[in-house]
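Heads up: the structure comes next, in structure tokens.
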Amino acid sequence: DFKAGIHHFCIHAGGRAVIDGVEANLGLSPEHLSASRNTLWHYGNTSSSSVWYELAYIEGEEERFTPGNSKHPATRSVQQGERVLQIAFGSGFKVNSAVWVRLTPNKALTTSS
């Protein structure tokens, strides 16, 4: 099971059908896709750049992604040593993926003044 080696997922938020299709085909849970659904909710389809919004979400370092400020609040931020899988889709049959490892400790939550 590849999910045993991945702690967080950033799946291209190209629309509800894209997210639902990846969820079904990779056997992901709704929690795995909360970053994608949150990004789609807040920003809409931003094409393949959505994975960077999702990474900010799962890093848990922005106030707007905390419970009470988001329809799909982050449940757990990326911790030092954890892996993140990013998958983005392009036009036609194009896909790119990357696995990132967090090397540094978490920063303090950024709050608005």
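Values in this document were obtained by computation on a predicted structure and should not be read as measured data.
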- request: Please lay out, stage by stage, how K3 and L28 fare under the test side-chain contact (heavy atoms from CB on, under 4.5 Å).
  value: CA-CA 8 Å; K3 295 176 291 240; L28 301 176; 3.6 Å; yes
Side-chain heavy atoms of N45 within contact of H12, under 4.5 Å: yes
Answer yes or no: is there a side-chain heavy-atom contact under 4.5 Å between F9 and L26? no
To the nearest 0.5 Å, tell me how far [X] [atom1] sits from [Y] [atom2].
| X | Y | atom1 | atom2 | result |
| --- | --- | --- | --- | --- |
| I19 | S50 | CD1 | OG | 7.5 Å |
| Y43 | N38 | OH | CG | 7.5 Å |
| E54 | L40 | CD | CG | 9.0 Å |
| H32 | H8 | NE2 | NE2 | 9.5 Å |
| Y57 | H42 | OH | NE2 | 8.5 Å |
| T39 | L33 | OG1 | CG | 11.0 Å |

query: In the single-linkage hydrophobic clustering (I, L, V, M, F, W, Y; side-chain heavy atoms under 4.5 Å), do L55 and V99 co-cluster?
result: no
message = Checking the side chain of Q80 only, and the main-chain atoms of L103 only, is there a donor and an acceptor separated by less than 3.5 Å?
response = yes
I'd like to know if the side chain of R83 and the backbone of G5 have a donor-acceptor N/O pair within less than 3.5 Å. yes
How are the rings of W100 and W52 set to each other: parallel, tilted or perpendicular (split at 30° and 60°)?
-> perpendicular
Heavy-atom closest pair, residues [X] and [Y]:
| X | Y | value |
| --- | --- | --- |
| R102 | P105 | NH2-O, 3.5 Å |
| V51 | I87 | CG1-O, 3.6 Å |
| C10 | I58 | SG-CD1, 3.8 Å |

